[in-house]
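Okay, structure first, notes after.
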Amino acid sequence: MKVKVLVIDDEIHIVELLKFNLEMSNYEVEYAYDGVDGYIKAKEIKPDLILLDWMLPNISGIDVLKKIRADKDLNQTPVIMLTAKNMENDKVEGLEIGADDYITKPFSIKELFARINTILRRCNTKTQPGDIILTTGSLKVDLYKHEVYKGNQKIDLTLKEFELLKLLLENKGKVLSRNHLLDKIWGYEYYGETRTVDVHIRYLRKKIEDDSASEKYIQTIRGVGYKID
């Protein structure tokens, strides 16, 4: 089956450019020109990937992203933000809310496809029943079901948060540098923006940790990176 991509952007020429290039590469493409229609269409078609513009009519791309991440049927859908906003604070905001990647306009089609392929490759890694269930403390990561539990409570993580937790648990006791995490999780050079890792780690901590000493899982190794003992 073809990979289904939903493009949400109010610039007709951008939509046409993306539609043409994606379809030429054998993707199935749906599109919407504003945030409200985009979210409705996402609910209807459940795409494999969403390309989401920040500046949209009626409702901003960030608000659409918030709705997607709060929706139990869509919250695991990878989202790449496409936007003319290129300030660091804008990128951090998008990543904190749950964007899987961020590319500024104007962008290279070649670079965009590299990022799309990296994300889809991560999503399509097949795990069979009975494969390893990773644990630490009260946390359990089921690789087959792609689910995380804290005790009996299910924790909803974005794709990048899940991959970060999985990688840290697979390397218990080892300090993983920010550059290593960037390479393994994002799969390409992210222009040295190790802040990306810090943002995702901070958001992951909010979901899996609490104030008690026994629930502090991720350790920061100052100047190096992170580890889970």
Side-chain angles (χ1 to χ4, degrees), residues 65-66 68-81 88-89 91-102 118-119 121-190 192-229:
L65 181 60
K66 289 177 181 177
I68 289 169
R69 290 296 173 243
D71 190 310
K72 63 181 179 62
D73 295 323
L74 296 174
N75 60 15
Q76 293 298 318
T77 304
V79 176
I80 298 178
M81 298 293 291
E88 182 182 25
N89 288 343
K91 294 182 180 181
V92 170
E93 182 180 1
L95 293 170
E96 283 188 326
I97 292 170
D100 294 281
D101 207 344
Y102 193 113
T118 296
I119 287 176
R121 196 162 54 242
R122 301 286 180 187
C123 293
N124 292 332
T125 301
K126 300 300 183 183
T127 308
Q128 299 301 319
D131 281 353
I132 296 172
I133 292 178
L134 305 175
T135 63
T136 184
S138 62
L139 281 181
K140 181 178 76 171
V141 178
D142 189 320
L143 301 183
Y144 177 65
K145 295 181 180 179
H146 209 274
E147 293 177 345
V148 177
Y149 287 87
K150 185 176 180 180
N152 295 320
Q153 179 186 3
K154 184 178 178 182
I155 307 295
D156 289 325
L157 301 182
T158 67
L159 175 64
K160 287 292 189 291
E161 291 163 358
F162 183 91
E163 291 292 337
L164 275 171
L165 180 58
K166 173 177 175 287
L167 187 59
L168 287 167
L169 285 173
E170 287 174 336
N171 293 273
K172 274 186 182 179
K174 297 180 182 178
V175 180
L176 302 184
S177 72
R178 290 172 174 83
N179 284 328
H180 179 79
L181 292 169
L182 275 174
D183 180 61
K184 291 297 183 182
I185 303 301
W186 279 261
Y188 58 87
E189 284 298 326
Y190 205 67
E193 292 184 14
T194 53
R195 175 79 179 275
T196 301
V197 174
D198 298 333
V199 168
H200 281 80
I201 289 287
R202 184 167 72 248
Y203 213 59
L204 175 59
R205 277 173 165 158
K206 288 180 182 178
K207 294 181 178 181
I208 67 172
E209 297 183 351
D210 59 31
D211 294 332
S212 68
S214 62
E215 296 292 336
K216 299 293 186 183
Y217 297 111
I218 302 173
Q219 296 183 40
T220 301
I221 310 303
R222 189 173 299 276
V224 183
Y226 301 95
K227 73 172 182 175
I228 290 179
D229 281 330

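For the single chain, residues carry numbers from 1 onward in sequence order.
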The salt bridge (charged side-chain N to carboxylate O under 4.0 Å, His left out) partners of Arg69 (sequence neighbours excluded) come to Asp100
Distance in Å, Ile228 CD1 paired with Leu168 CG, rounded so as to fall on 0.5 Å steps: 4.5 Å
Quick check: do Leu165 and Leu134 have side-chain heavy atoms less than 4.5 Å from each other? no
Less than 4.5 Å apart, side chain to side chain, heavy atoms only: is that true for Thr158 and Asn75? no
Are more than 12 heavy atoms from other residues, nucleotides or ligands located less than 6.0 Å from atom CG of Asp73? yes
Taking the side chain as every heavy atom from C-beta outward, state whether Lys207 and Leu157 have any atom pair closer than 4.5 Å. yes
Does any non-hydrogen side-chain atom of Ile133 lie less than 4.5 Å from one of Leu143? no
Within a strict 4.5 Å, meaning less than it, do heavy atoms of the Ile201 and Asp198 side chains meet? no
Can you measure from NZ (Lys166) to CG (Leu164) and round to the nearest 0.5 angstrom? 11.0 Å
Do Arg202 and Val199 have side chains that get closer than 4.5 Å, going by heavy atoms? yes
Please report the shortest heavy-atom distance between Asp156 and Glu161, naming the atom on each side. O-OE1, 4.5 Å
Which of Val175, Val197, Ile221 passes side-chain contact (heavy atoms from CB on, under 4.5 Å) with Tyr226? It is Val197
Restricting to salt bridge (charged side-chain N to carboxylate O under 4.0 Å, His left out), what partner residues turn up for Asp71, sequence neighbours left out? Lys43
Judged by atom type as modelled, is there a donor-acceptor pair below 3.5 Å linking the side chain of Ser177 to the main-chain atoms of His180? yes
Does either side chain, that of Tyr217 or that of Ser138, offer a donor lying less than 3.5 Å from an acceptor on the other one? yes
I want to check something: taking the side chain as every heavy atom from C-beta on, are Asp229 and Lys227 in contact at a cut-off of under 4.5 Å? yes
Just wondering, are more than 12 heavy atoms of other shown residues or ligands nearer than 6.0 Å to NZ in Lys140? no
Gap between atom CD1 of Ile155 and atom NZ of Lys206 - 0.5 Å precision: 15.0 Å
Is a side-chain N or O of Arg178 found less than 3.5 angstrom from the main chain of Arg195, in a donor-acceptor match? no
Roughly how far apart are Leu167 CG and Phe162 CZ, rounded to 0.5 Å? 11.5 Å
Checking side-chain contact (heavy atoms from CB on, under 4.5 Å) against Asp101, which of Thr118, Thr196, Ile80 comes through? Ile80
Rounded to the nearest 0.5 angstrom, the NE2-CZ distance for His200 and Arg205 is 14.5 Å
Would you call Met81 and Leu65 a side-chain contact if the rule is heavy atoms closer than 4.5 Å? yes
CG of Leu176 to CG of Leu182, rounded to nearest 0.5 Å, is 12.0 Å
Give me the atom names and distance for the closest heavy-atom approach of Thr135 to Lys172. O-NZ, 2.5 Å
